[in-house]
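Worksheet: one structure, shown below.
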Amino acid sequence: MQLKRVDQIQLRGERVLVRVDFNVPMEKSLITDDIRIREALPTLKYILENGGSLVILSHLGRPKGKRNLEYSLAPIAKHLSSLLNKPVTMAPDCIGVEVEKLAERLPAGGILLLENLRFYEAEEEPEKDPSFAKQLANLGTVYINDAFGAAHRAHSSTTEIVRYFPKKKGMGFLMAKEVSTLSKIFQNPDRPFYALVGGAKISSKIGVLDTLLAKADALFIGGGMAFTFFKASGIEVGKSLVDTEHLETAKGVLAKAKQKKVPIYLPTDVVIADGAKVLSIENGLPPDAAGLDIGPKTIEAWKKELEKAKTVFWNGPMGMFEKPPFEQGTFAIASLIASLNAMTVIGGGDSAAAAEQLGFANRFTHISTGGGAALEFIEFGSLVALDALKM
Ligand code: ADP
Ligand code: MG
């Protein structure tokens, strides 16, 4: 079956289950960044304008399969209501008799937001209770997935639930936008195509470097990621962030790059925690030094190279940008990328936050709402939740 978009599906009179990614950052039940909610609005509004009612599904944080109101979606229901300028009913749970009643009574144009899916273990581990997906499915008559940020996960609300919608299923506008932009990078990027990777989630990102090597014309490795590579090359990095479990992976990436003749740029100088001193990396760092940002020489050298780019994919900040003065590397590189006449894509929550802080967000071609999902899409050219929609 062909992958359908929400505007290719009959919606009038239907109760539409929409899986969104409302996993927004919160502090004491205040939403600190609502971009993921705003990005889902076009799909939600379209369904309402075309005669459907909405049953919205999302996860939030990691409540680990237990009901924990610290992770309640209730504050999001309020915020969504103000964004849509319409009442949003907050369900007391995501399954159960009471929720079924609320769904059944939903009038055309009505909006019901279900409580956090991850209050149930079966959301992330569907095999623990296959009836969970079925109970969710019972709440609606059409299924739309617009949760790009969760589309690389085989969860009850993404891959299992679709079984109950053999015909009436599809993707939302946000998912479609992500897919079309990332497909271009996956299939035929304008060249030179440079990939920049940094940040702290080394174990989950190091694998994709292999794939990026197959597609990119050069790789720039900064942020916390760089130190695992130095360590793997026998250069001492003191107290800098190192993922000792992935030293071999890093060696493998370096060897493959050499064989494929794809240049890998690593920082030549770094800013360390102690007094924000700049040290050259050539002879290694002293034992108590922790590198928290790329240094000024690195920034200058990388800028010169990056200026040639026709496509840039950036994932992961170049330093600990939340803590001045260690933001300079990230900000300098972000502002350079933003100024390019090229296709520029950011994947990754913290990288996007950095661009947003600078007020540069709208100067990038695309800011992906899912870091892990964007990386997996570039790696495999598809995602499990998308495949499920095609079946
Ligand atoms: P993204 O969300 O963009 O995918 P990550 O989550 O992988 O990025 O990493 C973001 C985090 O990496 C930030 O909190 C930042 O402070 C941290 N970071 C970046 N560089 C370093 C470094 N040199 N040492 C320690 N942490 C770093
Ligand atoms: Mg992050």
Side-chain angles (χ1 to χ4, degrees), residues 21 23-27 32-33 35-36 61-62 148-150 152 178 182 195-209 212 220-231 235-244 246 250 266-274 276-279 281 285 288-295 298-299 302 312-334 337 344-358 360-361 364 366-379:
D21 180 4
N23 185 26
V24 291
M26 301 225 289
E27 269 164 38
T32 53
D33 178 6
I35 178 99
R36 284 183 162 169
R62 296 178 193 279
F148 177 75
H152 57 318
E178 295 271 12
L182 295 170
L196 238 100
V197 184
K201 282 190 212 153
I202 297 163
S203 58
S204 67
K205 291 181 181 181
I206 204 161
V208 83
L209 294 180
L212 287 173
F220 296 75
I221 303 176
M225 178 79 91
F227 300 100
T228 301
F229 281 82
F230 286 130
K231 186 92 186 174
I235 297 171
E236 283 313 315
V237 296
K239 288 205 165 70
S240 310
L241 190 70
V242 170
D243 188 334
T244 46
H246 287 94
L266 284 162
T268 53
D269 57 346
V270 296
V271 186
I272 60 164
D274 179 20
K277 275 184 284 204
V278 177
L279 298 186
I281 193 86
L285 298 181
D288 54 356
L292 296 187
D293 196 8
I294 56 174
T298 305
I299 295 174
W302 288 14
V312 179
F313 178 76
W314 173 36
N315 177 289
M318 296 294 107
M320 205 180 257
F321 76 100
E322 307 92 329
K323 266 198 169 175
F326 307 107
E327 82 287 23
Q328 292 186 22
T330 303
F331 284 9
I333 296 294
I337 300 175
T344 53
V345 177
I346 301 181
D350 291 290
S351 325
E356 191 94 35
Q357 256 181 46
L358 282 165
F360 285 175
F364 288 82
H366 180 66
I367 297 187
S368 176
T369 48
L375 288 172
E376 263 201 51
F377 192 93
I378 291 176
E379 189 166 358

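Both counts, for ligands and for their atoms, begin at 1 and track the order of listing. Note: hydrogens, waters and symmetry copies are ignored here, and every other heavy atom, side chains too, is used.
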key: Close side-chain approach of Val208 to Val197, heavy-atom, < 4.5 Å   = no
key: Set of residues satisfying side chain to side chain donor-acceptor pair (under 3.5 Å) with respect to Glu178, sequence neighbours excluded   = His366, Ser368, Thr369
query = Would you call the rings of Trp302 and Phe220 parallel, tilted or perpendicular if under 30° counts as parallel and over 60° as perpendicular?
reply = perpendicular
query = What protein N/O/S atoms lie closer than 2.8 Å to the Mg ion (ligand 2)?
reply = Asp350 OD2
request  = Evaluate the side-chain proximity of Leu285 to Phe230: yes if any heavy-atom separation is below 4.5 Å, no if none is.
outcome  = no
note = side chain to side chain contact (heavy atoms under 4.5 Å, CB included) with Leu266: of Ile294, Ile221, Ile281, Thr298, only one passes, and it is Ile221
task = Please determine which of Lys201, Lys205, His152 meets the side chain to side chain contact (heavy atoms under 4.5 Å, CB included) test together with Leu375.
result = Lys205
remark   = Residues passing the side-chain contact (heavy atoms from CB on, under 4.5 Å) test with Leu241, sequence neighbours excluded, are Ala200, Ile202
remark   = Here the gap from Leu292 atom CG to Met320 atom CE, rounded to the nearest 0.5 Å, amounts to 5.0 Å
task = State, yes or no, whether a side-chain contact exists between Thr344 and Phe360 at a heavy-atom distance under 4.5 Å.
result = no
task = Give the protein residues with at least one non-hydrogen atom closer than 4.0 Å to an atom of ligand 1, ordered by chain and number.
result = Gly199, Ala200, Lys201, Lys205, Gly223, Gly224, Phe227, Gly291, Leu292, Asn315, Gly316, Pro317, Gly319, Met320, Glu322, Gly348, Gly349, Asp350, Ser351
